[in-house]
Amino acid sequence: PDSQSKDGLPAVDVGSRTEFAESTSGVPDGIHVDTYGNVWAGHGNGVHVYKPQPDGTGKLIGKFVIPGEKGVANFCWAGQTSSGQYRLLLFAEVELWEVTVAVNGQD
C-alpha cells in the first residue's frame, strides 16, 4: 500500500506492483486507453497496443511502426471520419502522422 515518505509525498511500494508489459523499443510514453480497454503506448518505433490479461499483464496485440523507426513521444485521438473510423495523430520526433483506426480512444 501507499504510505507517506519523509518529505510528506506519497511513497509507492514498487515491490508489490506487477509489470504490465515490457517495451521492445525504447521507453513507453503517451499512454492512452481505447473504448475496449486496450492500452496504447508510444514507443521508440511507433505505437504499441496491449490487451489487459486476467493476470494483470498486457498482451501485445498490434503496433504502428513509423517509417525509419521514429519514436512516438505522444499521440491523441482526433475525432471520427466521415467513413466512421477514428483519426489518430502520432507525434513522431519532427513529424506528425495521421492514421485511421476502427476504435475510439477514451482519454
Side-chain angles (χ1 to χ4, degrees):
D2 294 348
S3 62
Q4 296 253 324
S5 65
K6 291 179 184 175
D7 58 8
L9 297 172
V12 177
D13 178 8
V14 179
S16 68
R17 310 283 175 149
T18 58
E19 181 178 281
F20 178 73
E22 188 172 322
S23 174
T24 58
S25 176
V27 178
D29 194 6
I31 299 171
H32 300 277
V33 178
D34 66 27
T35 54
Y36 294 106
N38 297 316
V39 177
W40 299 55
H43 282 262
N45 65 349
V47 175
H48 297 191
V49 185
Y50 302 91
K51 181 177 182 171
Q53 302 297 297
D55 66 357
T57 63
K59 177 183 178 185
L60 181 65
I61 60 170
K63 60 174 92 171
F64 296 101
V65 176
I66 303 296
E69 302 226 355
K70 291 182 171 54
V72 173
N74 212 335
F75 61 95
C76 65
W77 273 270
Q80 194 170 24
T81 67
S82 59
S83 67
Q85 292 195 316
Y86 297 91
R87 295 172 55 232
L88 189 63
L89 300 177
L90 312 178
F91 305 96
E93 298 179 17
V94 298
E95 300 173 351
L96 173 63
W97 289 80
E98 178 187 49
V99 297
T100 54
V101 294
V103 63
N104 196 10
Q106 190 166 328
D107 290 333

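Between Leu88 and Trp97, every side-chain heavy-atom pair lies at or beyond the 4.5 Å cut-off. Counting only heavy atoms from C-beta outward, the side chains of Gln80 and Asn104 never approach each other to under 4.5 Å. Residues Val103 and Thr35 form a side-chain contact, since some pair of their non-hydrogen atoms from C-beta on lies under 4.5 Å apart. The shortest distance between side-chain heavy atoms of Pro52 and Tyr36 does not fall below 4.5 Å.
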Run Trp77 and Val101 through side chain to side chain contact (heavy atoms under 4.5 Å, CB included) and show every step you take. CA-CA 10 Å; Trp77 273 270; Val101 294; 4.1 Å; yes
Just do the side chain to side chain contact (heavy atoms under 4.5 Å, CB included) check on His32 and Asn74 with the steps written out, would you? CA-CA 9 Å; His32 300 277; Asn74 212 335; 3.5 Å; yes
Go through the steps for Trp40 and Val33 under the test side chain to side chain contact (heavy atoms under 4.5 Å, CB included), then give the verdict. CA-CA 6 Å; Trp40 299 55; Val33 178; over 6 Å; no
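The salt bridge (Lys or Arg N to Asp or Glu O under 4.0 Å) contacts involving residues 50-66 comprise nothing, where partners must be two or more places apart or lie in separate chains. Note on residues 93-104: pairs passing salt bridge (Lys or Arg N to Asp or Glu O under 4.0 Å), not counting sequence neighbours, are Lys70-Glu95, Arg87-Glu98.
A pairwise comparison of heavy atoms in Ile66 and Gly46 identifies CG1-CA, 3.9 Å as the closest pair.
In terms of the side chain to side chain donor-acceptor pair (under 3.5 Å) criterion, Ser82 has no residue partners (sequence neighbours excluded). Annotation: side chain to side chain donor-acceptor pair (under 3.5 Å) contacts of Asn38 (sequence neighbours excluded): Asp34.
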Name the atoms and distances for all side-chain donor-acceptor pairs under 3.5 Å in residues 24-31, with sequence neighbours left out.
residue	atom	partner	partner atom	Å
Ser25	OG	Asn45	N	3.1
Ser25	OG	Asn45	OD1	3.4

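Between Tyr50 and His43, the ring planes are tilted. Angles from 30° to 60° get that label.
No continuous path of hydrophobic side-chain contacts links Leu90 to Val65 [ILVMFWY only; heavy atoms under 4.5 Å].
Atom CZ of Phe75 and atom CZ of Phe64 lie 9.5 Å apart (nearest 0.5 Å).
Formation of a donor-acceptor pair under 3.5 Å by the Gln53 side chain with backbone atoms of Thr57 is not found in this model.
Counting Ile, Leu, Val, Met, Phe, Trp and Tyr side chains that sit under 4.5 Å apart, directly or through other members, Leu89 shares a hydrophobic cluster with Phe91, Leu96.
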